[in-house]
Amino acid sequence: MEEKSLNFIEEIIEADLKAGKYKTIVTRFPPEPNGYLHMGHATAICLNFGLTKKYGGYTNLRFDDTNPVTEETEYVESIKEDVRWLGFEWKNELYASDYFDTLYEFAVKLINKGLAYVDDSSAEVMAKEKGTPTEPGVENKFRNRSIAENLQLFEEMKAGKFLDGGRVLRAKIDMAHVNMLMRDPVMYRIKHAHHHRTGDTWCIYPLYDFAHGQSDSIEEITHSICTLEFVPHRELYDWYIEKLEIFPSKQYEFARRNLSYTVMSKRKLLQLVNEKHVDGWDDPRMPTISAFRRRGYTPESIRDFCDRVGIAKRDNVADLSLLEFCVREDLNKKALRRMVVVEPMRVVITNYNYVSNGNDDNDFELLDIEETADTDKLQTTNYKPQTRQVPFSKELYIEQEDFMENPPKKFFRLFPGGMVRLKGAYIIKCDEVVKDNAGNVTELRCSYLPESHSGHDTSGVKVKGTIHWVSISHAATAELRLYERLFKVEDPQSEEGDFKEYINPHSLQTITAYMEPSLKDAQPNTPYQFIRKGYFCLDKDSTKEKLVFNRTVTLKDSFKPTQPT
RNA sequence: UGUCCCAUAGUAUAAAGGUAGUACGACAGAUUUUGAUUCUGUUUGUCGAGGUUCGAAUCCUCGUGGGACAACCA
């Protein structure tokens, strides 16, 4: 029995359940449909859905759409797609705007209780009257309007009698409260704007504080989980629920999740898109869920990451390397292995004269090479790894960096007079180095050991290195997009000056690669490992004529060339 | 010069007043037809000062440091 430790929210839930406070728990994921979901949302999604998965009950997807000027249906669709892709299914798809009628009635109820009033002041005046965190605010003359007058004016606000900003409905609490949010917060404002769902039905809209808790309550959310910046709102949240005498949802706050080498605020991400530092919200360098998907990260790896990081209440910047670990761990099990040469070095096998069917034009052989490396499956009996056929011929490309004319001490690859194995094929020996007039190596002339054929090697030769290769005449080409971290520093937002000064200028490198021909049939949403190069996936920009691959993540590389002394 | 939240290895997160643990990272080694994977080992921590207690990461006080709060945004 492994005892998994609980986070503080799980402890609260277990205590509530044990005390019989709730029969079952209900949570919600409440995004505002005004942008794309990012890693921070992924944390919230995994938390909310994970909790009801663990303890029973269910989770609603609720769009917090109380501000018509920023919200669009396009975002609703992308949010739903992202949540589903992450592997979660909501019980009910709901909208704060579904509750506009109820919310209006709630407001009327508070007016009738003498707990809300219509204020004619301008925003500037109200701000001034509100005071500061260290000075109390002051009450104005509108605060003591009669209930009847408030009822009348609020109805006229709803009827569209006033211009935007002309009047607001405020809760009547305490203008001297230490919590600024309790100094008669605005409940409703006038906005003659088209709403993505209710159209032009309304010209008054509730603010977050007069919508969120009430929506939670209507849905009988037991545990309303949000981030720490809402801590001061909790008092107001509870106040509305108490005065309205409705279901007592409870709010709990955890620390926002930050990720190293990126930024997470919607405003900053928007800047990156608008100012073309990236190619869009789903640019694979972005920390958005759609970018992760395009880049080849898997839902499993993101969920695993959220699990491993956990949640708490202190400020944090989670390590990108942990996310990458999770991605590699998942992809290692799933990815099909392929050989791709990125920076080619020509190799001629001088003694290779394979002739199939006696036809001189077919100067190659097809080798069967394993295409998976699933260590779990390899241990089960009866498991025969799938193979694909790879053409081997007299003229090959290997990676430039796999040859060194003057190798350092522990160099396992090719050098003059040295031997390596070509993955899945033969051992070759470098006999001659051909150079151009400038002294650059242009070609390696090698000989192969025919009896060293992969899988039934009788040569008795042991080599330390194995390198990948492609047959030049059979190679397909593709564009490879190699990504690095978007920022040069761990926490761009905490650095001096504009965060954009810290953008990594090398975050995208585009190169042409030579690939084994099976990759011409590469499928989208299929992870590949280009052996020794990293994990890749087909990009949405890819066409039959021009293949485009994204590097999801590199392989871990512990090779360190010994320092030239 | 206010109120609130927070403080555990490099990072993240556990330890319900009783052995400070786990993961990632880093480092070292073994295995390896990917210098990958896998396996083994090493390394580093309770912000500070008092107090309560047989015993404090945990409770209390005072500091220190970080964060939030003065939108008709969410």
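Please read all numbers here as calculations on a predicted model, not as lab measurements. In the text below, chain A, chain B and the rest are named by the order of the sequence lines, each starting its count at 1.
Between A/M126 atom CE and B/A70 atom C1' there is a gap of 12 Å when expressed in whole angstrom units. Atom CG of A/D209 is separated from atom C1' of B/C69 by 12 Å (rounded to the nearest Å). We find that CD of A/E370 is positioned 15 Å from C1' of B/A36, with the value rounded to whole Å. Following rounding to the nearest Å, A/F8 (CZ) and B/C5 (P) show an atom-to-atom distance of 13 Å. Following rounding to the nearest Å, A/L555 (CG) and B/U37 (P) show an atom-to-atom distance of 7 Å. A/F230 has its CZ atom 15 Å from the P atom of B/A71, to the nearest Å. Across the protein-nucleic acid pair, A/R485 atom CZ and B/U11 atom C1' stand 13 Å apart, rounded to whole Å. One interatomic measurement links the two molecules: CG of A/N67 to C1' of B/C72, which rounds to 10 Å at whole-angstrom precision.
Residues A/I311 and A/H456 both approach RNA chain B. Their nearest nucleotides, taken by heavy-atom distance, put A/I311 toward the 5′ side. Position along RNA chain B of the nearest nucleotide to A/G166 versus A/Y535 favours A/Y535 as the more 5'-ward residue.
Distance noted for atom P between B/C4 and B/A14: 24 Å (whole Å). With P as the reference atom, B/U61 and B/U52 are 15 Å apart, rounded to whole Å. If you take atom C1' in B/A15 and the same atom in B/G55, they sit 16 Å apart, rounded to whole Å. As rounded to the nearest Å, B/A16 and B/U58 have C1' atoms that lie 10 Å from one another. Straight-line distance between the C1' atoms of B/G25 and B/A12: roughly 11 Å, to the nearest whole Å. Between B/G21 and B/U64, the distance separating the two C1' atoms is 28 Å to the nearest Å. B/C24 sits 33 Å from B/A56 when the P atoms are compared, rounded to a whole Å. Comparing B/G63 with B/G2, their P atoms sit 10 Å apart, to the nearest whole Å.
Between A/Y297 and A/F292, the ring planes are parallel. Angles under 30° get that label, and only those over 60° would be called perpendicular.
For the pairing with A/E371, the salt bridge (Lys or Arg N to Asp or Glu O under 4.0 Å) check across A/R388, A/R338, A/K423 returns one residue only, A/R338.
For B/U13, the paired nucleotide is B/G21, the pair qualifying as Watson-Crick or G-U wobble because both relevant distances are below 3.5 Å. Across all strands shown, B/A7 is found opposite B/U64 as a Watson-Crick or G-U wobble partner, with both distances under 3.5 Å. Across all strands shown, B/U38 is found opposite B/A30 as a Watson-Crick or G-U wobble partner, with both distances under 3.5 Å. Across all strands shown, B/G2 pairs with B/C69; the Watson-Crick or G-U wobble distances both stay below 3.5 Å.
Residues A/S224 and A/H212 meet the side-chain proximity criterion, which asks for heavy atoms closer than 4.5 Å.
Dashed line: the shortest gap from a side-chain N or O of A/R189 to OP1 or OP2 of B/A74 is under 4.0 Å. Residue A/T132 places no side-chain N or O under 4.0 Å from the OP1 or OP2 atom of B/G2. Under 4.0 angstrom from either OP1 or OP2 of B/U34 there lies no side-chain N or O belonging to A/R337. Between B/A36 and A/K533, no contact under 4.0 Å exists linking OP1 or OP2 to a side-chain N or O. In this model, the phosphate group of B/C6 is approached by a side-chain N or O of A/K313 to a distance below 4.0 Å at OP1 or OP2. A sub-4.0 Å separation between OP1 or OP2 of B/G35 and a side-chain N or O of A/T466 is absent.
Looking at heavy-atom distances under 4.0 Å, A/G455 makes contact with a base. Residue A/V309 is in sugar-phosphate contact alone, with no base atom involved, counting any heavy-atom pair closer than 4.0 Å across all strands shown. Residue A/V69 is out of contact with every strand shown, counting any heavy-atom pair closer than 4.0 Å. Residue-level contact check: A/D64 touches the backbone only, with heavy atoms under 4.0 Å from sugar-phosphate atoms and none from bases. When heavy atoms are screened at a 4.0 angstrom cut-off, A/Y208 is found touching base atoms of the nucleic acid. Within 4.0 Å (heavy atoms only), A/E11 reaches sugar-phosphate atoms of the nucleic acid but no base atom. Heavy atoms of A/G465 sit nowhere under 4.0 angstrom from any nucleic acid atom. If you check every strand for non-hydrogen atoms under 4.0 Å, A/S121 touches a base. Across all strands, A/A123 comes closer than 4.0 Å to base atoms (heavy-atom distances). Counting non-hydrogen atoms under 4.0 angstrom, A/S260 reaches nothing in the nucleic acid. Using a 4.0 Å heavy-atom criterion, one finds that A/R421 contacts the bases of the nucleic acid, with or without backbone contacts as well.
Checking B/A36, B/C73, B/A14 against the side-chain heavy atoms of A/K191 singles out B/C73 as nearest. The side chain of A/D319 has B/G10 as its nearest neighbour among B/G25, B/G10, B/A74. Here B/G35 is the nucleotide among B/A12, B/A68, B/G35 with the atom lying nearest to any side-chain atom of A/F411. Comparing B/U34, B/C4, B/A71 by their closest approach to the side chain of A/R532 singles out B/U34. Residue A/L207 places its side chain closer to B/A74 than to any other of B/A74, B/U33, B/C4. Proximity note for A/M180 (side chain, C-beta onward) versus B/A70, B/U33, B/A74: the nearest is B/A70. Distances from the side chain of A/S454 to the nucleotides B/A74, B/U34, B/U33 place B/U33 closest. Of the candidates B/G35, B/C4, B/A12, B/G35 carries the atom nearest the A/R413 side chain, counting heavy atoms from C-beta on. Distance from the side chain of A/P133 is smallest to B/C69 among B/C69, B/C72, B/U34. Which of B/U34, B/G25, B/C24 sits closest to the side chain of A/K556 comes down to B/G25.
With hydrogens and angles left out, the side-chain atoms of A/T70 and A/E32 include a donor and acceptor closer than 3.5 Å. Using modelled atom types, one finds no donor on one side chain facing an acceptor on the other under 3.5 Å when comparing A/R337 with A/H468.
Between the side chain of A/S78 and the backbone N or O of A/Y36, no donor-acceptor pair lies under 3.5 Å.
Annotated as anti: B/A49, whose O4'-C1'-N torsion sits more than 90° from 0.
A salt bridge links A/R234 with A/E253; the closest basic N to acidic carboxylate O contact falls under 4.0 Å. Classification of A/K533 and A/E401 as a salt-bridged pair holds, one side-chain N sitting under 4.0 Å from a carboxylate O. Note on A/D98 versus A/R197: salt bridge recorded, some NZ/NE/NH1/NH2 to OD/OE distance being below 4.0 Å.
Figure legend: cation-pi geometry between A/R167 and A/F142 absent, as NZ or CZ is not positioned both under 6.0 Å from the six-membered ring centre and within 45° of its axis.
The base of B/U11 has none of its N or O atoms less than 3.5 Å from a complementary donor or acceptor on the side chain of A/E490. A donor-acceptor contact under 3.5 angstrom links the side-chain atoms of A/H233 to the base of B/A74.
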